[in-house]
Number of protein chains: 2
Amino acid sequence: MMKKNNKKKRPTLQDVANLIGVTKMTISRYLRDPSKVSADMQKKIAVAVEELGYIPNRAPELLSNAKSHAIGILVPSLANQVFSQVIRGIERVTEAAGYQTMLAHYGYSAEREEERISFLLSYHIDGLILSESQHTPRTLKMIATADVPVIEMMDTVSPAIEQAIGIDNFDGGYQMVSAMIEKGYKNIVYLGARLDIRTQLRLQGYEKAMQENGLQAKSVMTEAPSSFSLGADLLQKTLTKYPQIDGIFCTNDDLATGAVFECQRQGIRIPQDIAIAGFHGHDFGQSMVPKLATVVTPREKIGQVTAEQLIARINGDPLTEKIIDLGFEIYHGESI
Amino acid sequence: MMKKNNKKKRPTLQDVANLIGVTKMTISRYLRDPSKVSADMQKKIAVAVEELGYIPNRAPELLSNAKSHAIGILVPSLANQVFSQVIRGIERVTEAAGYQTMLAHYGYSAEREEERISFLLSYHIDGLILSESQHTPRTLKMIATADVPVIEMMDTVSPAIEQAIGIDNFDGGYQMVSAMIEKGYKNIVYLGARLDIRTQLRLQGYEKAMQENGLQAKSVMTEAPSSFSLGADLLQKTLTKYPQIDGIFCTNDDLATGAVFECQRQGIRIPQDIAIAGFHGHDFGQSMVPKLATVVTPREKIGQVTAEQLIARINGDPLTEKIIDLGFEIYHGESI
DNA sequence: CACCACGATGTTACACGTAACATACCAGTA
DNA sequence: TACTGGTATGTTACGTGTAACATCGTGGTG
């Protein structure tokens, strides 16, 4: 008989209940809080659950509009170390608070972001953490009707739907380039990739610092995603286009590191011939020789504060701080 | 009246239907395949859906044992580049096939893995991709009762629940160390971190190569998670413990790169004084000076093949190849 | 001994999209 | 005209855990 779809149904609460001779309500109580049933019953149920290999089923409780104790996290890319650190910060908090996380990424595309948000919301998550500040109209509409707290993390400059937590990317670029200029570098080029909003803000900060000092802003940019080898490529391009530069400011540590490697390969001394600075303060930049100058950002802290705020708002606390700026540090290292 | 939980309910299919004056079944049809309703109706529904900001609700279809068109991916760590590349390979396939992915990580802990698997299964995913080969008894029981295809990726050596796709980590270690020995290095030390199963298999491969050549195996290991700075630390420890080494084989590129940096800081020449090799073939190792010798693994391919196999099995295809070995390449670079 | 309080378990109703079947209507054809 | 086939929409029943309320029994107290 049974063709290939002989899917034996999963055991339900009723199956567990039948095995013991009680109602499923008793099993439900046990699973949510074992102390709600008698000691005898606890043992019996534990055995039955184990024996049947009962797997919880979220569907029914999602139907009733109860809280799901799950939150959604949407990051643009998993390949970017920045986000894995932010996620660690988030999960340290959510885990302690008994929340599950549903993680998704969208490759910097607003359309895919929309699709992912729809997917996450369709599971009745209690809150949503985004990392971008540009969304499609439908995304905004869905977020509004979902009536779920939303926080955008990473940047505090661009306008937020409800609440933004992160750093001032514009000022980060400005401060780092100002520090380079103060050290005497004049011919500084900006290297950018993956032209997302944060990259653009850092570029603007760079431009402001150059202008203030009467220096000419120059940039070499691509829409390709960042990588170490891309940093090397971009340095080559830069040297061709602007042979007499004395410094480069990269939108992130990956590009900067790749540029450093390429200098080493070409026998260009850092920082004597060219100064190089990055953004974020990743482990590899600090291990490298020379240590990479960088804008050190509090990635894990951003995640932590974001999760704390989100859970507070899920619990009904009012939204008090629309923007939380967690600051950054300029690290000079050995490369500028 | 309404206290803080004035949650206005989300619009349901019924709400959309009421707005137009049809039954929700018509809306349901439209959402699954617009061509199933008349052209007139399509326009009206599109407007109504947009106006209400309708968000799909997965709960009811999860209740009926229909396929969810979602698969779960469980990786030990997001910080590890390896897995973000594997995930990219998976999603290229799942996206094309119309499957959504639910991503989770568990920090190399079997208990957290169990918890995450329970979470994923509770959403009625159609298939499950794991990356580890050691599981708790309850994990195995749940997988069995869930009756969902499972694939373990990354390693082909350790025993699989149903199907394993990846590379032979033992042989990877063996081949790389053999290559180093062939080049004349004799005093090779193994550097390991995060002692998961793959790290251990590579160690065993290393040991076999050393033994076969009458050389003594030595290792410096820690349970701490891999990082660039840890590579530097371990190199220092190694030099203290074994001053006259002429080569090190690291369990991954991160450690190897950190070790290279530390050598540069100490003025140790690579490979003249010490040869260094890693594992995986990451971008940064290939950009670095010197280019890092490494075991190049087909991460994206592993993800791709895994997803293809999983979807085939979800569609009822029989499991034919219990183990799929996708091979690796020994890359000599400039560091050995 | 009667009654209360409380702990333990049972009963009922509900959430919402979809498969399967039913109906209504229309054009086309013998 | 009667009948066929097909399209568009409606009707019904279903899946499963939980909140809210109901019931039962027991030990303690006046």
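The analysis underlying the following values was restricted to heavy atoms, covering all of them including side chains, and did not include hydrogens, waters or symmetry mates. Chain letters run A, B, ... following the sequence lines, proteins first and then strands; every chain starts at 1.
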Is any side-chain N of the basic residue among Glu51(B) and Lys44(B) closer than 4.0 Å to the acidic one's carboxylate O?
no

Where along residues 27-53 of chain A does a heavy atom come under 4.0 Å from DNA chain D, residue by residue in number order?
Ser28(A), Arg29(A), Arg32(A)

In whole Å, what is the span from the CD atom of Glu61(A) to the P atom of dA20(D)?
15 Å

Spell out, as yes or no, whether a donor-acceptor pair under 3.5 Å connects the side chain of Ser131(A) to the backbone of Leu74(A).
yes

In whole angstroms, the gap separating C1' of dC16(C) from CD1 of Ile55(B) amounts to 15 Å

Can you give me the closest heavy-atom contact between Asn315(A) and Lys67(A), atom names plus distance?
OD1-NZ, 3.5 Å

Gap between atoms CE and P, on Met25(A) and dC24(D) respectively (whole Å)
18 Å

What is the distance, rounded to the nearest whole Å, between atom OH of Tyr123(B) and atom P of dT16(D)?
18 Å

Using only atom types and a distance under 3.5 Å, with no angle test, would you say the side chain of Glu152(A) pairs donor to acceptor with the backbone of Ala160(A)?
no

Looking at Glu223(A), I want to see if its CD is surrounded by more than 12 non-hydrogen atoms of other residues, nucleotides or ligands under 6.0 Å.
no

Here the distance between atom P of dA15(C) and atom CG of Asp15(B), to the nearest Å, is 12 Å

Residues Arg313(B) and Glu321(B) bridged, charged N to O under 4.0 Å:
no

Could you state the CG-C1' distance from Leu63(B) to dG17(D), rounded to the nearest angstrom?
9 Å

In residues 16-23 of chain A, what residues come within less than 4.0 Å of DNA chain C, judged by heavy atoms?
Val22(A), Thr23(A)

So that I can tick it off, tell me whether Asp196(B) and Arg194(B) are bridged by a salt bridge, with the cut-off set at under 4.0 angstrom between side-chain N and carboxylate O.
no

Can you give me the closest heavy-atom contact between Ile55(A) and Ser118(B), atom names plus distance?
CG2-O, 4.5 Å

Heavy atoms only: give me the nearest Ser122(B)-Arg58(A) pair and the separation to one decimal.
OG-CG, 2.8 Å

Give me the ring orientation class for His69(B) and Tyr99(B): parallel if the planes are under 30° apart, tilted from 30 to 60°, perpendicular past 60°.
tilted

To the nearest Å, how far apart are Gln14(B) CD and dC14(C) P?
15 Å

Please state how far atom CG in Leu62(A) lies from atom C1' in dA15(C), giving the value in whole angstrom units.
10 Å

Give the angle between the helix axes at the two ends of the helix from dC1(C)-dG30(D) to dA30(C)-dT1(D), taking five base pairs at each end and rounding to 10°.
50°

For a quick test of reading the model, state the closest non-hydrogen atom pair linking Ala48(A) to Leu19(A) and the distance between them.
CB-CD2, 3.7 Å

